[in-house]
Amino acid sequence: MIQGLFAEAQAACMLCGVDMGPTKPIVLEITERQLLGDVNAVKAKLAPFLDFGMRLAIDDFGSGYSSFQYLADLPVSFLKIEGSLIQQVKDKRIRQIVKRISDIAKDLQLITIAEYVEDADTADILCELEIDWAQGYFFGRPVLARQ
């Protein structure tokens, strides 16, 4: 499966027809739950993608299995903050948790992404917390790609 996925990623980059340099425009996203277990085994599976120039995003960060050791052991570029935290960010305690995630990410030079942003109030709070990027219905609903 990994070899097939890697071949697809290479083909997609080749189709762009642009010399992209060492960093490719494809980000490999894995959930925290997928990281459970042997970090060295995870690193070995990710190596072809990372060597090719893809960047790594940890999805669902803060979903209950958070291990800051992964941030130390893996070349992470993006932290996608768990959507249930974002949905509750108007609560002061949750807001403080999201702020601390943002602070740690900034210190580690990681880009933060908030999931499930569904209204302007949530987007405003995330701006105050210095979250870098956001996604959700507030910005647009998913659509099928035209073929």
Side-chain angles (χ1 to χ4, degrees), residues 1-89 94 97-120 122-147:
M1 181 176 89
I2 290 173
Q3 290 174 343
L5 183 58
F6 181 61
E8 289 287 328
Q10 285 179 309
C13 287
M14 297 291 266
L15 285 175
C16 290
V18 176
D19 180 19
M20 292 175 232
T23 303
K24 305 303 184 272
I26 299 175
V27 176
L28 184 62
E29 184 176 305
I30 57 176
T31 65
E32 264 191 291
R33 289 176 187 93
Q34 290 171 311
L35 291 173
L36 293 175
D38 182 3
V39 170
N40 289 326
V42 172
K43 284 170 121 176
K45 290 177 183 176
L46 295 175
F49 301 96
L50 300 173
D51 292 345
F52 180 60
M54 293 173 65
R55 291 176 292 166
L56 179 62
I58 296 180
D59 192 17
D60 298 336
F61 191 81
S63 62
Y65 299 103
S66 296
S67 173
F68 292 103
Q69 191 64 46
Y70 295 124
L71 301 180
D73 292 342
L74 297 171
V76 176
S77 297
F78 303 91
L79 278 186
K80 290 185 75 176
I81 302 170
E82 168 62 25
S84 65
L85 290 174
I86 301 306
Q87 289 174 320
Q88 301 174 66
V89 78
I94 300 295
I97 292 168
V98 173
K99 175 63 175 155
R100 297 308 170 256
I101 292 172
S102 175
D103 291 344
I104 290 167
K106 294 275 184 270
D107 289 345
L108 297 174
Q109 299 179 330
L110 305 177
I111 295 169
T112 50
I113 304 168
E115 302 177 311
Y116 292 94
V117 179
E118 298 183 2
D119 57 59
T122 300
D124 290 342
I125 291 169
L126 295 171
C127 284
E128 290 172 20
L129 298 177
E130 300 181 29
I131 301 300
D132 298 304
W133 296 348
Q135 65 186 58
Y137 289 165
F138 176 65
F139 303 105
R141 296 201 177 259
V143 295
L144 291 174
R146 294 181 188 196
Q147 301 217 4

Chi angles and distances behind the side chain to side chain contact (heavy atoms under 4.5 Å, CB included) call for Lys106, Thr112 | CA-CA 8 Å; Lys106 294 275 184 270; Thr112 50; 4.2 Å; yes
Taking every non-hydrogen atom, the tightest pair across [X] and [Y]:
X: Ala9; Y: Ile26; answer: O-CD1, 3.7 Å
X: Phe61; Y: Leu85; answer: O-CD1, 4.3 Å
X: Pro142; Y: Tyr137; answer: CD-CE2, 3.6 Å
X: Phe138; Y: Ala123; answer: CE2-CB, 3.9 Å
X: Val117; Y: Ala134; answer: CG2-CB, 3.7 Å
X: Ile131; Y: Ser102; answer: CD1-CB, 3.7 Å

Trace of the side chain to side chain contact (heavy atoms under 4.5 Å, CB included) decision for Ile111 with Trp133 | CA-CA 8 Å; Ile111 295 169; Trp133 296 348; 4.0 Å; yes
Phe49 atom CZ, neighbour heavy-atom count above 12 within 6.0 Å =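 It does: Phe49 CZ has more than 12 such atoms within range.
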In this structure, are over 12 heavy atoms from other groups packed under 6.0 Å from Glu8 atom CD?
->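 Incorrect, the count does not exceed 12.
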Report the distance from atom [atom1] of [X] to atom [atom2] of [Y], rounding to the nearest 0.5 Å.
X: Gln135; Y: Ile86; atom1: CD; atom2: CD1; result: 10.0 Å
X: Ile97; Y: Glu82; atom1: CD1; atom2: CD; result: 12.0 Å
X: Ile104; Y: Asp107; atom1: CD1; atom2: CG; result: 7.5 Å
X: Glu130; Y: Asp103; atom1: CD; atom2: CG; result: 7.5 Å
X: Leu79; Y: Leu71; atom1: CG; atom2: CG; result: 5.5 Å
X: Thr122; Y: Gln88; atom1: OG1; atom2: CD; result: 11.0 Å

For the pair Ser77 (side chain) and Arg55 (backbone), establish whether a donor and an acceptor sit closer than 3.5 Å, ignoring hydrogens and angles.
->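 No; judged by distance alone, with no hydrogens or angles, the pair does not exist.
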Any luck finding a side-chain donor-acceptor pair between Thr31 and Asp59 under 3.5 Å?
->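 Side-chain D/A pair, Thr31 to Asp59: absent.
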Please step through side chain to side chain contact (heavy atoms under 4.5 Å, CB included) for the pair Asp60 and Glu115, ending with a clear verdict.
-> CA-CA 9 Å; Asp60 298 336; Glu115 302 177 311; 3.5 Å; yes
Look at the aromatic rings of Phe52 and Phe6 and report parallel, tilted or perpendicular, splitting at 30° and 60°.
->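 Perpendicular.
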Between Ile58 and Leu110, does a side chain to side chain contact (heavy atoms under 4.5 Å, CB included) hold up when you go through it step by step?
-> CA-CA 11 Å; Ile58 296 180; Leu110 305 177; over 6 Å; no
